[in-house]
Amino acid sequence: MVAVTETEAARQEQDERFMQEALVEARKAMDIGEVPIGAVVVRGGEIVGRGHNLRETRKDPTLHAEMIAIREASARLGGWRLIGCELYVTLEPCPMCAGAIVQSRIERVVFGAVDPKAGCAGTLMNLCGEPRFNHQVPVVAGVLAEESSQLLKQFFRRLRSK
């Protein structure tokens with residue numbers, strides 16, 4: 001059995017707490033008929049950006065949860081460099097979102113469910129950790145993965161039954 005230090009336990013607790021907030025955002029997406037993906041940007045223990053998918057609602061392919069949360073955090077903090085920020089998202093970022101994460105200088109990404117079709121934070125490739133970029137972002141996968149995955153399964157099950 002591997003012992004978990006107090007610091008590691010506190011980090012895990014924080015990750016789960018903020019992933020719960022991302023799940024709140026994902027449920028908002030589901031409530032309006034969007035794919036249930038949610039994200040929050042956190043700095044210093046405070047949420048500075050929130051987002052959930054709005055692609056269908058606003059007919060805009062860039063309105064992924066991560067993109068919305070990053071835009072909100074940038075506006076709130078007054079700059080595009082999100083130094084000291086972490087992103088929590090219920091589904092592994094796609095290529096577009098992984099690129100925005102790197103470009104915004106987010107310092108850490110935590111996601112729930114893996115995305116076998118578009119995941120670019122470790123599944124298909126890891127754009128967040130690409131050493132040829134001028135910024136790499138550590139990624140933590142699988143935080144509340146079951147809850148994140150179940151929301152997606154429930155959404156698509158409902159969609160198929162219609």
Side-chain angles (χ1 to χ4, degrees), residues 14-43 45-77 79-82 85-130 135 137-162:
Q14 175 183 297
D15 287 350
E16 289 182 11
R17 179 168 49 107
F18 288 121
M19 188 60 74
Q20 286 291 354
E21 291 295 326
L23 284 162
V24 166
E25 291 298 317
R27 289 184 195 97
K28 289 178 186 177
M30 185 182 241
D31 290 345
I32 60 171
E34 293 276 355
V35 176
I37 301 168
V40 295
V41 175
V42 175
R43 185 169 85 175
E46 178 187 353
I47 295 173
V48 294
R50 291 178 171 274
H52 55 274
N53 272 7
L54 290 173
R55 289 190 324 171
E56 298 296 331
T57 303
R58 297 206 186 145
K59 313 292 186 239
D60 183 338
T62 68
L63 291 182
H64 288 202
E66 301 96 307
M67 300 295 284
I68 294 166
I70 287 169
R71 285 180 183 133
E72 187 174 293
S74 294
R76 182 165 180 194
L77 298 174
W80 63 268
R81 289 179 188 90
L82 298 179
C85 292
E86 299 174 311
L87 175 79
Y88 293 83
V89 61
T90 58
L91 183 67
E92 181 179 2
C94 72
M96 174 182 66
C97 294
I101 288 163
V102 170
Q103 290 299 314
S104 65
R105 309 301 194 264
I106 285 176
E107 294 193 4
R108 182 170 174 261
V109 172
V110 179
F111 71 82
V114 298
D115 185 349
K117 294 183 179 180
C120 284
T123 298
L124 297 180
M125 63 187 64
N126 188 358
L127 291 177
C128 293
E130 173 55 54
H135 179 70
V137 183
V139 174
V140 176
V143 174
L144 301 185
E146 185 59 29
E147 292 90 330
S148 298
S149 182
Q150 284 305 315
L151 263 183
L152 289 161
K153 287 177 184 174
Q154 180 183 359
F155 175 81
F156 287 111
R157 206 175 305 122
R158 281 189 203 161
L159 198 61
R160 283 190 298 274
S161 72
K162 289 183 179 179

message: Let's go through Leu63 and Arg71 carefully: what are the C-alpha distance in whole Å and the side-chain angles of both, what is the deciding distance for side-chain contact (heavy atoms from CB on, under 4.5 Å) to 0.1 Å, and is it a yes or a no?
response: CA-CA 10 Å; Leu63 291 182; Arg71 285 180 183 133; 3.3 Å; yes

I'd like a table of donor-acceptor pairs (distance under 3.5 Å, sequence neighbours excluded) in which one partner is a side-chain atom from residues 152-161, with atom names and distances.
residue: Ser161; atom: OG; partner: Arg158; partner atom: O; Å: 2.8

Shortest non-hydrogen contact from [X] toward [Y]:
X: Leu144; Y: Gln20; result: CD1-NE2, 3.5 Å
X: Lys28; Y: Glu25; result: NZ-OE2, 2.9 Å
X: Gly51; Y: Ile68; result: CA-CG2, 3.8 Å
X: Ala39; Y: Leu87; result: CB-CD1, 4.2 Å
X: Cys85; Y: Ile106; result: O-CG2, 3.5 Å
X: Leu77; Y: Arg43; result: CD2-NH2, 3.4 Å

Short side-chain to backbone donor-acceptor contact, Asn53 and Ala65, under 3.5 Å: yes

How long is the span from the [atom1] atom in [X] to the [atom2] atom in [Y], to the nearest 0.5 Å?
X: Leu23; Y: Glu16; atom1: CG; atom2: CD; result: 11.0 Å
X: Met30; Y: Leu151; atom1: CE; atom2: CG; result: 5.0 Å
X: Arg105; Y: Arg81; atom1: CZ; atom2: CZ; result: 6.5 Å
X: His64; Y: Arg55; atom1: NE2; atom2: CZ; result: 4.0 Å
X: Asp31; Y: His52; atom1: CG; atom2: NE2; result: 9.0 Å

- request: Kindly determine whether Gln14 and Arg17 satisfy side-chain contact (heavy atoms from CB on, under 4.5 Å), including the steps that lead there.
  value: CA-CA 5 Å; Gln14 175 183 297; Arg17 179 168 49 107; 4.2 Å; yes

query: Can you list every pair that meets ring-ring contact (aromatic ring centres under 6.0 Å, His included) and has a residue in residues 87-118, with sequence neighbours left out?
result: Phe18-Tyr88

Side-chain heavy-atom pair Glu130, Met125 within 4.5 angstrom cut-off: no

Residues 90-101 side chain polar contacts: donor-acceptor under 3.5 Å, at least two apart:
residue: Thr90; atom: OG1; partner: Gly38; partner atom: N; Å: 3.1
residue: Glu92; atom: OE1; partner: Asp115; partner atom: N; Å: 3.0
residue: Glu92; atom: OE1; partner: Thr123; partner atom: OG1; Å: 2.5
residue: Glu92; atom: OE2; partner: Ala121; partner atom: N; Å: 3.0
residue: Glu92; atom: OE2; partner: Gly122; partner atom: N; Å: 3.2
residue: Glu92; atom: OE2; partner: Thr123; partner atom: N; Å: 2.9
residue: Glu92; atom: OE2; partner: Thr123; partner atom: OG1; Å: 3.2

query: Going through the checks in order, is the side-chain contact (heavy atoms from CB on, under 4.5 Å) test met by Val48 and Glu72?
result: CA-CA 7 Å; Val48 294; Glu72 187 174 293; over 6 Å; no

Derivation and outcome, side-chain contact (heavy atoms from CB on, under 4.5 Å), residues Val110 and Met19: CA-CA 8 Å; Val110 179; Met19 188 60 74; 3.8 Å; yes

